[in-house]
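Just so you know, these numbers come straight off a predicted model, no measurement behind them. Here is the naming used below: chain letters follow the sequence lines, and residue numbers restart at 1 for every chain.
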Protein chains: 2
Amino acid sequence: MQLRKTRASFSSRTTMADVARDVGVSAITVSRALRTPETVSEALRTRIAEACDRLGYVPSRVASALASARSMTISVLIPSLSNIVFIDVIVGIKETLDRLGYQMLMGITGYDDPGAEERLLRRHLEFAPDGILLTGADQSEAVRALLKSFAVPSVHMMDDCAWPECWWVGFSNFDAGAAAGRHLLANGRRRVAIVAAQLDPRSVRRCDGCRAALVEAGCYDPALDLRLPQPSSIALGAEVTAGLVARNPECDGVFFCNDDLAHGALFWCGQQGIAVPQRLAMIGFHDLSASAWTPTPLTTVETPRARIGRDAALLLTRRIADPAMPPQHIDHGFQLIRRASA
Amino acid sequence: MQLRKTRASFSSRTTMADVARDVGVSAITVSRALRTPETVSEALRTRIAEACDRLGYVPSRVASALASARSMTISVLIPSLSNIVFIDVIVGIKETLDRLGYQMLMGITGYDDPGAEERLLRRHLEFAPDGILLTGADQSEAVRALLKSFAVPSVHMMDDCAWPECWWVGFSNFDAGAAAGRHLLANGRRRVAIVAAQLDPRSVRRCDGCRAALVEAGCYDPALDLRLPQPSSIALGAEVTAGLVARNPECDGVFFCNDDLAHGALFWCGQQGIAVPQRLAMIGFHDLSASAWTPTPLTTVETPRARIGRDAALLLTRRIADPAMPPQHIDHGFQLIRRASA
DNA sequence: CGCCCCTTTGTTAGCGCTAACATCGCGCGT
DNA sequence: ACGCGCGATGTTAGCGCTAACAAAGGGGCG
């Protein structure tokens with residue numbers, strides 16, 4: 001008889017072997033009763049279920065993951081939590097993953113550090129996720145190499161991607177920006193400013209789209225094309241609008257790359273008595289819930305964020321289940337929401 | 001020679017054994033070089049680090065978790081993602097956990113189903129988290145029993161708790177509500193309404209606090225004490241204020257159990273030309289970023305959400321490291337933010 | 001009646017790592 | 001010269017589960 005100390009275990013929890021012993025079968029039968037009930041006779045299945053209940057058995061996904069090479073976790077990499085846009089995406093993702101029994105591991109890349117996504121990915125790979133959801137399709141070479149060498153299925157969210165091998169669920173930020181620009185033009189605006197903050201690739205692409213629309217109409221003015229590196233906020237929107245009106249009094253319309261900035265602009269115009277849209281029309285991006293409630297309700301581009309999250313997660317789990325599946329792309333589009341501001 | 005198929009493994013990744021073979025040492029030495037570098041000679045340590053790099057070795061936390069009974073994950077149970085308040089808490093939690101190398105597993109309990117938290121906890125226990133962060137201290141008996149039987153350390157967030165064994169980081173919702181009530185009274189208001197939506201225990205407690213303040217001042221009127229089961233939103237705030245003004249024209253002040261409702265009320269008053277605070281004073285709760293930007297800036301109670309998340313996570317990891325530690329409570333308080341609305 | 005196939009259960013051997021104990025060699029004090 | 005302590009490395013076993021193969025029993029069919 002050894003006197004060797006028993007080694008640490010997860011709080012000496014009830015194991016599958018305990019349940020098996022209790023019922024008088026082998027562990028694999030318990031395993032099957034839980035995972036593939038149809039392969040176990042009904043009588044046994046009932047006795048096993050009863051024993052699990054009675055003993056308070058909670059299966060260990062850690063052991064299961066090691067044995068089956070399926071961790072039942074999905075890593076989700078997003079740039080920020082402070083941006084409600086990504087929260088909506090997460091809500092959609094969780095809806096799908098909860099239903100399918102996956103857990104979500106979340107990683108925040110930030111906007112500034114170009115190497116952050118790779119470091120984060122490496123950290124997440126330690127947890128052996130069954131798949132990865134990425135924001136945008138502008139990943140670095142290092143990130144793509146890691147994904148490939150670890151053979152982790154991935155799906156990109158919130159933008160489109162020209163590369164046919166890329167799995168993505170999103171919409172064209174370029175087209176959405178262009179639609180916003182054309183709407184301002186259709187409103188008779190000729191001196192249109194473009195305001196972008198937090199220069200992530202998707203904001204840049206929608207500004208590109210808006211710019212293209214202005215160029216096409218022959219009224220693009222680089223002096224009205226503002227790029228701010230700071231994080232987007234209501235306060236920044238107010239500040240930048242004040243500067244814009246002071247320096248470019250002829251400006252008669254603004255495309256803001258997101259709604260927060262537009263909210264700040266609207267509040268500031270309200271305080272200053274600047275008539276929106278008569279004097280200055282404006283259009284935002286994403287249609288946040290407050291956009292229907294600003295002093296002048298905000299015309300904006302609605303993006304189906306929760307649907308994108310939901311479908312990206314669904315697509316990813318399908319890809320995990322069938323590695324031979326050909327690449328899929330889902331374009332969920334966008335919708336111009338016409339309110340009073342433009 | 002067996003022809004048995006090799007079993008599934010995590011995409012045939014490089015293992016610790018591969019690194020050990022490459023360097024010409026045993027696996028345990030590699031393990032030590034990574035986890036407790038000071039126990040391995042410097043020469044070996046360098047060669048091991050070099051081999052890890054060259055082979056692209058990423059340690060498997062799944063195997064590590066099984067062997068060491070430490071999963072390096074923390075489960076966080078919150079009621080909702082749509083409520084920005086909890087996002088702020090999550091931001092704080094992630095700040096701490098990222099620094100300490102933990103991963104976060106997130107569970108959403110919702111507001112309605114009383115059994116949801118227990119089911120969710122059970123699901124999370126399958127992943128063998130090293131600790132659990134819970135919202136509030138009103139858990140069901142079943143939840144407390146599960147936590148006890150699995151011996152998972154936990155810390156409660158966002159409220160205080162009278163029970164001395166309970167570890168918590170938060171503030172007194174009751175006191176915060178009372179402070180809001182007293183502020184309205186100090187503004188000379190005598191016909192004060194209390195409006196609560198999404199009746200979670202913390203909202204209820206802050207309304208209790210406000211009510212106590214009104215009772216103490218001898219001006220509590222049950223007809224002005226509104227409890228709405230619906231989810232809180234800007235639209236609901238507008239709607240309920242319209243009803244309140246119509247039915248109770250004498251009402252001169254309102255305590256809203258959160259800022260969203262107050263925003264809706266302010267927008268509605270702006271549209272209707274109702275003077276805030278002259279005709280109707282109002283005070284919100286949580287100090288969301290938009291509260292400084294409403295038509296009339298909102299007086300509200302600031303809650304240190306990110307700090308609570310950060311410190312709750314820190315406390316939890318300390319409790320994990322030292323199971324003998326006595327229960328800790330951190331009261332981060334709250335702060336009345338005086339703006340124009342009251 | 002024997003054969004085959006299908007359903008149901010079991011045996012064996014890991015998945016990749018780490019706890020616990022074992023061992024080895026070196027410097028030091030006496 | 002000897003033993004002791006200590007730092008550095010190794011051996012063994014096992015965490016709790018599941019893949020792969022094995023086997024037993026029953027039923028259908030020529």
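In terms of position on DNA chain C, the residue among Arg32(B) and Pro59(B) whose nearest nucleotide sits closer to the 5' end is Pro59(B). Of the residues near DNA chain D, Thr29(B) and Ala63(B), the one whose nearest nucleotide (by heavy atom distance) lies more toward the 5' end is Thr29(B).
Here the side chain of Thr15(B) is nearest to one of dT18(D), dG16(C), dG10(C), namely dG16(C). Of the candidate nucleotides dT9(C), dC17(D), dT9(D), dT9(C) has the atom nearest to the side chain of Ser41(A). Candidate nucleotides dC17(C), dT18(C), dT18(D) were compared by shortest atom distance to the side chain of Tyr57(B), and dC17(C) ranks first. Side-chain atoms of Leu66(A) lie closest to dC15(C) of the nucleotides dC17(C), dC15(C), dA19(D).
Distances shorter than 4.0 Å separate none of the side-chain N or O atoms of Ser68(B) from OP1 or OP2 on dC17(C). At the phosphate of dT11(C), neither OP1 nor OP2 sits under 4.0 Å from any side-chain N or O atom of Ser26(A). Phosphate contact (OP1/OP2 of dT18(C), side-chain N/O of Ser64(B), threshold under 4.0 Å): present.
Atom pair Met16(B):CE and dT18(C):C1' shows a separation of 8 Å (rounding to whole Å applied). Atom CD1 of Ile28(B) is separated from atom C1' of dC15(D) by 14 Å (rounded to the nearest Å). Put simply, CG on Leu55(A) is 16 Å from C1' on dG16(D), counting in whole angstrom units. If you measure from atom CG of Leu44(A) to atom P of dT7(C), you get 17 Å, rounded to the nearest angstrom. Taking atom CZ of Arg47(A) as the reference point, atom C1' of dT8(C) lies 14 Å away to the nearest angstrom. Spacing between atom CZ of Arg45(B) and atom C1' of dA8(D) amounts to 12 Å, rounded to whole angstrom units. Phe150(B) places its CZ atom 14 Å from the C1' atom of dG16(D), with the value rounded to the nearest Å. When rounded to the nearest whole Å, the span between CD of Glu38(B) and P of dG7(D) equals 12 Å.
Rounding to the nearest 0.5 Å gives a distance of 11.5 Å between OG1 of Thr317(B) and CG of Asp322(B).
Arg61(B) contributes no side-chain N or O that forms a donor-acceptor pair with the base of dG16(C) under 3.5 Å.
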- request: Take Asp18(A) and Arg13(A) through the test salt bridge (charged side-chain N to carboxylate O under 4.0 Å, His left out) and record every step on the way to the result.
  value: CA-CA 10 Å; Asp18(A) 296 332; Arg13(A) 61 199 282 168; over 6 Å; no
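The closest donor-acceptor contact from the side chain of Asp88(B) to the backbone of Arg305(B) lies at 3.5 Å or more, if one exists at all. Between the side chain of Arg70(B) and the backbone N or O of Asp130(B) there is no donor-acceptor pair closer than 3.5 Å.
Shortest non-hydrogen contact noted between Phe127(B) and Met72(A) is CZ-O, 3.9 Å.
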